[in-house]
Amino acid sequence: MALGDLMASRLVHSSSSPSPSTAAPPAPLPNHHHNHVTDDLPVANGPEPRNGLEPAEVDKPAPVTYLPQVMVLCEQRHEGIDEAAAAAAGPSTSGLVSKWRPKDRMKTGCVALVLCLNISVDPPDVIKISPCARMECWIDPFSMAPPKALANIGKTLHSQYERWQPKARYKLQLDPTVEEVKKLCNTCRKYARSERVLFHYNGHGVPKPTTNGEIWVFNKSYTQYIPLPITDLDSWLKTPSIYVFDCSAAGIIVKAFLERLDWSSSSSSSSQKDCILLAACEAHQTLPQSAEFPADVFTACLTTPIKMALHWFCKRSLLRGSMDRSLIDQIPGRQNDRKTLLGELNWIFTAITDTIAWNVLPHDLFQRLFRQDLLVASLFRNFLLAERIMRSANCSPISYPLLPPTHQHHMWDAWDMAAEICLSKLPQLIADPNAEFQPSPFFTEQLTAFEVWLDHGSQDKKPPEQLPIVLQVLLSQSHRFRALVLLGRFLDMGPWAVDLALSVGIFPYVLKLLQTSAMELRQILVFIWTKILSLDKSCQVDLVKDGGHTYFIRFLDSLDAYPEQRAMAAFVLAVIVDGHRTGQEACIHAGLIDVCLRHLQPENPHDAQTEPLLLQWLCLCLGKLWEDFSEAQSLGLQSNAPEILIYLLSEPQPEVRASAVFALGNLLDMGSTSSNGVDDDSDDDEKVKAEINVVRSLLQVSSDGSPLVRCEVAIALTRFALGHNKHLKSVAAEYWKPQTNSLLKSPPSLANISSPNNVYSPNNIRQGSSGLASHIGPVLRVGSDSSATCRDGRVSTSSPIATSSIMHGSPQSDDSSQHSDSGILLRENASNGGLSYTRSRPADSVIYSQYISTMCSVAKDPYPRIATIGRRALSLIGVEQVVMKNSRFNSGGAHQGETSAPPSNFGMARSSSWFDMNSGNFSIAFRTPPVSPPQHDYLTGLRRVCSMEFKPHPMNSPEGLADRLISAAAPSNAELIILPQSTIYNWSCGHFSRPLLSGSDDNEEAHARREEREQIALDCIAKCQRSSCKMTSQIASWDTRFDSGTKAALLLPFSPIVIAADENEQIRVWNYDDALPVNSFQNHKLSDRGLSKLLLINELDESLLLAASSDGNVRIWKNFTQKGGQKLVTAFSSVQGHRAAGRSIVIDWQQQSGCLYASGDMSSILVWDLDKEQLLSTIQSSGDSAISALSASQVRSGHFAAGFAAGSVRIFDVRSPDRLIYMARPHAPRMEKVVGIGFQPGLDPYKIVSASQAGDIQFLDVRRAAEPYLTIEAHRGSLTALAVHRHAPVVASGSAKQMIKVFSLEGEQLTIIRYQPSFMGQRIGSVNCLSFHPYKSLLAAGAGDNALVSIYAEENYK
């Protein structure tokens, strides 16, 4: 199995944005996106009509109703992105992470070996049996002269220890005195410095330790045993230290040590001493004397475990009769060569003891004993064997720290099996040295066991015990690939799995593997590193230190890997450079910028673009490489990076667009132009020019449909505000300076006003581009000078920059813009009494002006986080936005001498203190100045919406209005410096910490729920198509308690719930079966209110509620039926800077194409793709008036009908080249506006219904002439609402004259509703809205005057 195939097949379904599918699969999954299937009709349509008007031959209609398969806004990004959530998703540097890394690696630098054997003299307290255990270090001391035996034993013990720690210094004392032991200890500590010292004590020739905790040594003449208190030993050796006591009753020493440790830790506040003890038996036990064991069985287990284990096992196995035990000493091979029998046995033993320890010990203890110090780890592995062997002789070795019992762990069975296989091969291998070595099946079997766990295990189950074995297998080339693949699968289960693997000790192994050039390991190694770095960012340091970054750069640059895997390499590199200057420098030297930019460009411009996940991570990697690193930014600008990245701002995936914005934003150097204010250096000039180009492109995407993208744009533009602070402040001040005659004579330097690409030119203002003046409203400077005079209706002062504030105004909104009802406050730095101007940049000042204009729009973004960032950016350049409350001033304003409205009209905290009309020595009046013809046309774009007028008498108090205004509004400098944090990088990192290889079970659940709902829908549709549709029975009436009446109502398809909203955008949810409120919330908290429509998105799946405001802002909510649980999924402006006069935006949604259509009092219709969250196209309505009604076909993708205010009706097809496919004036000769329009029920895409305000309902057939084939005069001049059922043959109309009528498609009046069904039978209210249930014969009606929502059904409704 090639891992590439495994990963590609699984990864391709889990990339962050699905790529568009070219054809619809027969039964698509509910979360599968069809991006604009060309024709979704279930009927065969034959050839397209040539001009859209001739009838197409229609075959017999399909028996089933069409239910759309498209689902939108259900990606990870719609779970909501805020700084806290994004930070949690990104790689961590603490928490889980800190536990796996060994606190500090240690080394045992010196080993003291003390042997008290006194060969041939038995101690007085030992009575030996016969035959008795004699061997010391596998040497029989009685086989030679005692002094020689002692020396040989000492030398052998030294070599046995050296096998485990060759680099340590070894000091040996044979049968020593107290003084010699003291000297030995002091010498060892001196050599070891802060490293660990090992003290090995063999007390087989001396009495047992005393109850006071003393061990025995000798006097010089060997005539006496001298006690050596453990306290002395400890004071000489100090810490860190490890003691091995091989003597009877060794537990006494451990107990004495623990008492000393308790005493020292309670007497001093220092942390507990790093002291480890290994003792051969408990306090009441003596060492085994059986001849089957060596005398130093404990030492033999600790220093020669394989030999000891095989000798012990051989006596217990079936081989004991046939096996010559002397062969065990002749096992061929070397312990460190795994391709030999001895090496393999040692390897298996290490794997098994590691596994037992990892599964039994607490993780922090495992880290300390088995991962911190090589010699300590080896001794503890071997200690587990000692416990197993010695317990069989009724002797229990003990340790400090205390370990749980492991002698009966089932992994010992695996060791016995490996030992048996080895012993059975041994005679043959010794007889024929050239015989081929057959590896043990142990590792293969253990990998299989791990694979079985992977198939059935999960976080809730016991962790896989084979994990340490997988780690050992990485050492073997033959098993390495399989082990890595399985390890990759394990790591993919989640951060908990990565943490487990790291705590086992995988890190140094996979770091070392980056030095291999094996091609087959590349993909899986990149995957494993992706998983590690998605949990722990701190590994970036190790990777750069070992040169690992070059491995990933080479992989990223190789075209033979799958794009998803190269995206992982880009992610790894992004983490390496994230906030790590050494990493940034290393990657720049390795050519990462060029590699990334090369792969961001398609080979052929006409080719389909690369995998979105790869594009996303190439951008994020570049952004992180440039972040706060000016040399890298300069290199990026020289490499033509902006041009390549700007090309990606129109990509279909919002994640790619947001990442490209992130990269562009990090090219902006926050310190370059603001640090000295003067840019004489030509290089710097080039840099500023490049930055201006970047900002120009960012301003164009500031109204993207995705909050993810707009948020990054707002953050990037805030960076620009910091970097170009002085220029922006001067441009802002230039505009808001007092209008003097000199200014009127010469064009202001802030903008080349008449330049064709300037957003403020009169043409652009007229065409609906969001101009500065209309966004900003009136602004007025107030000086603290004593002579304030009025010129041209505007206040000016003799000392224009002496104060640091500007007065704000405009309570009166003009109709030219939805954004005009805000005041602005301008701040400058008052420390030096004036603005610090830099030399003017005429070429850039247009951009600065556009910037201010755009940021004013951003500050009103429908997505709250983005609006906050916009306001912060404006405050950086000295513009304080003051949002007006809902109450508006009269258009005439107040005459001079009158006081105007109370201060509550201003959204400022301290407005009452500085705006108290009666207490001051001046009075203020608002008025809208007459629009006089300006002297120069460039001033039209900068007209004042309104101004303030002062009484002629001067401001006497030195602390005038201005100073008070400042104290109320100006934030401190500390607030301004805080730059909002980008979220796209951390949020995108979250993708890699989620499972990538396995499809989630959620899909199956969603699929099952979807099928169930489809069946319910089909049953309901069949029922309602057969019903009489006479809506005579009122089944529910709900007093919504809206102050301004019900503006919109909506029935949910699969639950008895109705949603209603009023003009103030208060949304309420009600259960009409139980007559109980479910939820209530505000669509937004802004002062600008007005609701256009409520729509349901994904109604067959997890439904979302779309609330469209009359200013064109669209907000989409989920969990809206949970009390207080509503969550904003996305929000955007559907009219994108097209100023809709009259605030009458109309909107409709088409599920099967994923398109949202928006228009209003403007010349175009905007088509939004909600899957891509992108403006799909702008269609010229070419109408004679504003569009007053929109309806999308639920049968044919891309078809929608529009009704105009002048009474005409048009049908458009997004797919046809000329877009307009039908035009009629069914309501002529009356010119009343079309109130409602809709496609007729059923599957016929050619019939529409249109109702005008005059009260007539017209039925049209597109294939016939432009004349209606049926007219119903429903109401006399007061029709306010029309509803067309999606499936049942019925339409309903409502009137302001308190009446609802229901008609069949043949024009027969089925029902008329005038009265409530109560006892008094009062009249229903004037009808504001009507809405049918999608699949049932239910009608919801909302009243304007009494705020009631009534639901009507047939007589026999259950």
Side-chain angles (χ1 to χ4, degrees), residues 1024 1027-1053 1056-1063 1066-1073 1075 1077 1091-1096 1189 1191 1235-1238 1241 1249 1251 1253 1255 1257 1272 1274-1276 1278-1286 1288 1290-1304 1309-1318 1320-1355 1357:
C1024 80
S1027 70
S1028 66
C1029 298
K1030 292 186 175 178
M1031 308 283 177
T1032 48
S1033 162
Q1034 183 182 26
I1035 60 164
S1037 180
W1038 168 36
D1039 183 359
T1040 58
R1041 303 185 191 280
F1042 288 139
D1043 298 337
S1044 53
T1046 307
K1047 182 73 199 295
L1050 186 66
L1051 290 162
L1052 292 198
I1057 280 176
V1058 61
I1059 303 169
D1062 69 350
E1063 188 61 39
Q1066 180 72 30
I1067 297 170
R1068 294 195 173 137
V1069 186
W1070 190 63
N1071 183 317
Y1072 53 82
D1073 271 6
L1091 189 91
S1092 167
K1093 196 166 187 179
L1094 292 178
L1095 291 163
L1096 208 58
S1191 176
V1235 171
I1237 193 165
V1249 184
Q1253 202 168 346
I1257 303 174
I1272 303 172
H1275 306 274
R1276 294 200 194 94
S1278 59
L1279 192 142
T1280 52
L1282 173 79
V1284 182
H1285 200 289
R1286 208 185 290 172
V1290 60
V1291 299
S1293 64
S1295 152
K1297 295 177 181 170
Q1298 299 168 294
M1299 159 186 334
I1300 299 167
K1301 292 184 179 178
V1302 182
F1303 300 95
S1304 72
Q1309 182 173 308
L1310 301 175
T1311 315
I1312 179 163
I1313 301 165
R1314 284 198 182 92
Y1315 301 100
Q1316 298 286 354
S1318 61
M1320 297 296 289
Q1322 70 196 74
R1323 287 293 292 264
I1324 64 169
S1326 60
V1327 180
N1328 254 8
C1329 58
L1330 288 173
S1331 168
F1332 278 111
H1333 189 284
Y1335 310 122
K1336 297 179 182 174
S1337 297
L1338 287 179
L1339 174 67
D1345 40 18
N1346 60 13
L1348 284 182
V1349 171
S1350 303
I1351 299 172
Y1352 300 96
E1354 299 171 281
E1355 284 294 339
Y1357 175 78

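Side-chain atoms are counted along with the backbone in the values below, which use heavy atoms only and exclude waters and symmetry mates.
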So how far is it from Lys1047 NZ to Phe1042 CZ, rounded to the nearest 0.5 Å?
12.5 Å
Which pair of heavy atoms, one from Gly1325 and one from Asn1346, lies closest together, and at what distance?
N-ND2, 3.8 Å
Taking all heavy atoms of Gly1238 and all of Ser1191, pick out the closest pair and write down the distance.
CA-OG, 3.4 Å
Please report the closest heavy-atom contact between Ala1060 and Leu1094, naming both atoms and the distance.
C-CD1, 4.2 Å
Strictly distance-based, threshold 3.5 Å: is any side-chain N or O of Thr1040 a donor or acceptor partner for the main-chain N or O of Ala1347?
yes
Separation between CG (Asp1043) and CD (Glu1063), nearest 0.5 Å, reads 12.5 Å
Report yes or no: does His1333 contribute a side-chain atom to a donor-acceptor pair with the main-chain N or O of Leu1052 at less than 3.5 Å?
yes
When rounded to the nearest 0.5 Å, the distance separating CG of Leu1279 from CD of Gln1253 is 8.5 Å
Minimal heavy-atom distance between Leu1050 and Leu1096, with the atoms involved, is CD2-N, 4.0 Å
Rounded to the nearest 0.5 angstrom, the CE-OG distance for Met1031 and Ser1350 is 14.0 Å
Donor-acceptor list for residues 1293-1302 side chains, cut-off 3.5 Å, not counting sequence neighbours:
unit_1	atom_1	unit_2	atom_2	d
Ser1293	OG	His1275	NE2	2.7
Ser1295	OG	Ser1278	OG	3.0
Ser1295	OG	Lys1297	N	2.7
Lys1297	NZ	Arg1276	O	3.0
Gln1298	NE2	Ile1324	O	3.1
Lys1301	NZ	Ala1274	O	2.7

What salt bridge (charged side-chain N to carboxylate O under 4.0 Å, His left out) pairs are there with at least one residue in residues 1345-1355, not counting sequence neighbours?
none
Between Phe1332 and His1285, how do the two ring planes meet: parallel, tilted or perpendicular, split at 30° and 60°?
tilted
For Val1327, does its backbone N or O pair with a side-chain atom of Thr1280 as donor and acceptor, under 3.5 Å?
yes
